[in-house]
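Lettering follows sequence order; numbering is per chain, from 1.
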There are 4 protein chains.
Amino acid sequence: MTSAPKRRRRPDARPDEILDAALAVFSAKGFAAARVEDIAREAGLSKGAVYLYFASKEAMLNGLVEQSAGELAKGAEQLVALGAPQDPETAFRGLLRMLFAAMGDPDINAAPRLVFAEAGRFPEIAAHYRSQVLDVARRALRALLAAGVESGAFRDVDADAFMRATGGPGIAHMALTSIFGFPPDQLTDPAEMADALADILLNGLKPRVPAL
Amino acid sequence: MTSAPKRRRRPDARPDEILDAALAVFSAKGFAAARVEDIAREAGLSKGAVYLYFASKEAMLNGLVEQSAGELAKGAEQLVALGAPQDPETAFRGLLRMLFAAMGDPDINAAPRLVFAEAGRFPEIAAHYRSQVLDVARRALRALLAAGVESGAFRDVDADAFMRATGGPGIAHMALTSIFGFPPDQLTDPAEMADALADILLNGLKPRVPAL
Amino acid sequence: MTSAPKRRRRPDARPDEILDAALAVFSAKGFAAARVEDIAREAGLSKGAVYLYFASKEAMLNGLVEQSAGELAKGAEQLVALGAPQDPETAFRGLLRMLFAAMGDPDINAAPRLVFAEAGRFPEIAAHYRSQVLDVARRALRALLAAGVESGAFRDVDADAFMRATGGPGIAHMALTSIFGFPPDQLTDPAEMADALADILLNGLKPRVPAL
Amino acid sequence: MTSAPKRRRRPDARPDEILDAALAVFSAKGFAAARVEDIAREAGLSKGAVYLYFASKEAMLNGLVEQSAGELAKGAEQLVALGAPQDPETAFRGLLRMLFAAMGDPDINAAPRLVFAEAGRFPEIAAHYRSQVLDVARRALRALLAAGVESGAFRDVDADAFMRATGGPGIAHMALTSIFGFPPDQLTDPAEMADALADILLNGLKPRVPAL
DNA sequence: CATGAATGAGCTTTCATTCAT
DNA sequence: CATGAATGAAAGCTCATTCAT
């Protein structure tokens, strides 16, 4: 509560503060159109100070992506690992709920949105995301799928199709809400949306009755 | 059919040639990093000539988006309108096949990818896409859903959830293949992928047996 | 006498005009402190236009050095080659006159001064000057010396010492007049200065009388 | 004589340590491109500490020049003053030896090289060097020349020409070896080079035989 | 005395846009 | 219609200098 002395607030928080600011500005203007000075101002620093912590604008983007990729992958993996063995269906519902909650929150989906927008022109970022997020997610989903097949809850569908069926709606949700400002007609609550999806997908994954 | 001297084939094709070139360059470098000179070269014109047809770089982006939005919406609408009344399930399968074929082809998905990447910073583009593509798609899907419910093929699920469940996997497919270069494990053929998805979703949409 | 249209005076003279301007500005401020904008203004162009002809500030320096090195070496070589066979002493006097005339004229010695000042931090420039100017000069002097020895006009002194004895005073002249603004006490005319030097050196190079 | 803790050896040596560091960095990169931080590191200090001793980067350059100018002039003057009365020829040989030894040693000629490179854009430095070094050297040479004339060893040549003939080869030696990395063909030893020069010049300065 | 985080002016370079030809 | 030289407004990055600690 003491007066904050302009300079040197939290000694080691600077890099993270800058990354937060960078995410905000990149997210708002795109990487190429973002100005370092804007990031600096957003972080409460001068332009030059930013370069004490990051060697270039691109270094900030990389730092950002690494940070977010780590969090993302860890989250999904844990969730699946936790619930899968006991009850694949419940684990799947939980996964979708988390996915929609994250993808529907502009603050949380800012990093993924950025990666979507920029990965096309930064092969390193694409590769990093692929190995740190997508591959991890695929493994997690494959495990979940295997557990479900084992328990008799799921049919043995193609893992890549399963990944698209599961993750795709989340991405679509993000795009519709945070990029296009699409007004939701009925299902405003992410959890309800997730449950509605889970309802369709779990039903669709269920083993068919022999007669059919 | 007379021999054309390379240039000035169809006197009015210039704008479209430029838009094609612009799509290629925007897609490769992003709007902000794309140089008008590159677009001009790609179109076989001088830098100055481009400005005879478009008032600014942003005008090219708008033209591009309008063009692509028109095509996209028309395609989806027609497909649904055509097949829906007779056989909603077959129409749905056809829709998914078209979606995956389009989203898996880098030449075709270039425009949607671009819109995804740039809509965040161009509200007009977002609005245009929303009204010309998303709203149209929603109406078409709603009609398809209604037809399916009517015929007893589908349950009456939420339309927005249905849209996410249908379009999402297509977007995911585009991202995985064209942005992240994700290697498909088993399902390389878009049609098979579409069918696998249709299999899951149609099953999931099927009305439950009362007993269950 | 027609009105000069601001743009496009002599179509292909631009690079040379820019190099002239660059020499003036580099010479006045040094390479590092020179601003491209100053060069542009000196050349009657905008900042950006300079980059239509040279890729970078350093490219201008290189262009400058190459240009000047070529002229310099050619001049010295021709002079020596012309007079040496007939009359080494006269050729030597001519060489010194040319050297002092060049080194005493700020417009002419600007390029050598620049090379002196910057070669230390641009190894390529040093190497280029060494091979294109210094080595050529050494060969020319060696030939002159050999001709003089043959004709009995010179003793057979060390070629490198001869080079220092001949070129050094020229460099000193340049430094004293153009760098330090040293006021000449008596010998203001470069030709007289050259002749006074020639008098000392030719006398010193003369074979000693056996008795002495 | 007690063990010094590395830092703070001689309390007043700091300025000189900084000047040493500054000379090294200026010499390597040129004044404009030299960074104060590099100088500080070279001197084993923090960037800020340098400013406790020098008000600005330019102040370091001035300090450096003053220091070196003093040493240089004093050396030459003493040498000439010492030997001139007794034996002008020997004094001249000694002067040349000292000159070549100094000009051939990169550590010793660093300061003169720097002055050569920068005096053009720092009028104060040029003026200081002119009055503290060049004028002193001219007086010393004039005295040596007068002594030689008196003793019958030298002809009465122009003093400025004499200065160029004496100092020029030294400057050339410095340039060839320390700036251009010119490979010496035969005379590697500075003393031999000085003697070869002395041989030519002393011979050239000798009064002519009446008959000639 | 000493530190090093912070500042901000200034520089090189790029590129959308214009316009004389 | 077409060209491409020219413009000039940015923007990324550097670094001399300051100052709270």
Side-chain angles (χ1 to χ4, degrees), chain A residues 5-9 11-12 14 29 32-41 43-60, chain B residues 7-8 11 14 29 31-41 43-60, chain C residues 5-9 11-12 14 29 32-40 43-60, chain D residues 7-8 11 14 31-41 43-60:
Chain A
K6 197 60 133 307
R7 280 186 201 183
R8 264 353 282 280
R9 274 170 306 177
D12 300 325
R14 276 286 141 82
K29 307 205 181 197
R35 294 184 320 191
V36 173
E37 189 161 12
D38 291 340
I39 296 173
R41 191 179 307 118
L45 283 165
S46 72
K47 200 176 16 164
V50 169
Y51 285 91
L52 294 174
Y53 300 94
F54 292 91
S56 67
K57 192 167 80 157
E58 198 169 332
M60 294 179 226
Chain B
R7 225 181 253 178
R8 305 270 352 243
R14 273 286 147 79
K29 308 206 181 197
F31 174 77
R35 294 183 317 192
V36 173
E37 187 161 12
D38 290 341
I39 296 173
R41 190 180 307 118
L45 280 162
S46 74
K47 208 181 354 172
V50 169
Y51 283 87
L52 296 171
Y53 299 94
F54 292 92
S56 69
K57 193 165 80 157
E58 199 169 330
M60 295 180 227
Chain C
K6 195 62 134 302
R7 282 186 196 181
R8 269 346 286 281
R9 273 171 307 176
D12 300 326
R14 275 286 141 81
K29 307 205 180 195
R35 296 183 318 191
V36 174
E37 189 161 13
D38 291 340
I39 296 173
L45 283 165
S46 73
K47 206 176 7 168
V50 168
Y51 285 90
L52 295 174
Y53 300 95
F54 292 92
S56 68
K57 192 167 80 157
E58 198 169 332
M60 295 180 227
Chain D
R7 227 182 250 180
R8 305 270 349 241
R14 274 284 148 79
F31 174 76
R35 294 183 317 192
V36 173
E37 187 161 12
D38 290 341
I39 296 173
R41 190 181 309 118
L45 281 161
S46 74
K47 207 179 357 171
V50 169
Y51 284 87
L52 296 172
Y53 298 95
F54 291 91
S56 69
K57 192 167 79 156
E58 199 170 331
M60 294 179 226

Tyr51(D) side-chain N/O to dA2(E) phosphate OP1/OP2 under 4.0 Å: no

Less than 4.0 angstrom between a side-chain N/O of Arg14(D) and OP1 or OP2 of dC1(E), yes or no?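 So the side-chain polar atoms of Arg14(D) never come under 4.0 Å of the phosphate oxygens OP1 or OP2 of dC1(E).
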
Those residues that, when tested against Phe54(D), pass side chain to side chain contact (heavy atoms under 4.5 Å, CB included) (two or more places apart):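 By the side chain to side chain contact (heavy atoms under 4.5 Å, CB included) rule, Phe54(D) matches Pro15(D), Ile18(D), Leu19(D), Ala59(D), Met60(D).
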
Got a sec, which residues hit side chain to side chain contact (heavy atoms under 4.5 Å, CB included) with Glu37(D), two or more places apart in sequence or on another chain? Arg41(D), Lys47(D)

Need to verify one output field. Residue with the more 5' nearest nucleotide on DNA chain F, Glu58(A) or Ala34(D)?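 It is Glu58(A), whose closest nucleotide lies nearer the 5' terminus.
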
Interatomic distance, [X] [atom1] vs [N] [atom2] [rounded to whole Å]:
| X | N | atom1 | atom2 | answer |
| --- | --- | --- | --- | --- |
| Arg41(A) | dG12(F) | CZ | P | 12 Å |
| Leu52(B) | dA20(E) | CG | C1' | 14 Å |
| Lys57(A) | dT14(E) | NZ | P | 15 Å |
| Glu37(B) | dA16(E) | CD | C1' | 11 Å |
| Phe54(C) | dA6(F) | CZ | C1' | 16 Å |
| Tyr53(C) | dT13(E) | OH | C1' | 17 Å |

Which heavy-atom pair separates Ala33(D) from Ala32(C) by the least distance, and what is that distance? N-CB, 4.3 Å

Working to the nearest 0.5 angstrom, can you tell me the gap between Lys57(D) NZ and Arg35(D) CZ? 10.0 Å

Spacing of CG belonging to Leu52(C) relative to CZ belonging to Arg14(C), to within rounding of 0.5 Å: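 These two atoms lie 10.0 Å from each other.
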
Measure from the side-chain heavy atoms of Leu45(A) and tell me the nearest of dT7(E), dT12(E), dA5(E).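 So the side chain of Leu45(A) is nearest to dT7(E).
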
Quick one: the dot-bracket string of DNA chain E, using Watson-Crick and G-U wobble pairs with both distances under 3.5 Å, [ ] for crossing pairs and | for bases paired to another strand. .||||||||||||||||||||

Write down the protein N/O and nucleotide N/O pairs, taken from nucleotides 8-10 of chain F, whose separation is under 3.5 Å; answer none if there are no such pairs.
unit_1	atom_1	unit_2	atom_2	d
dA10(F)	N6	Lys47(C)	NZ	3.2

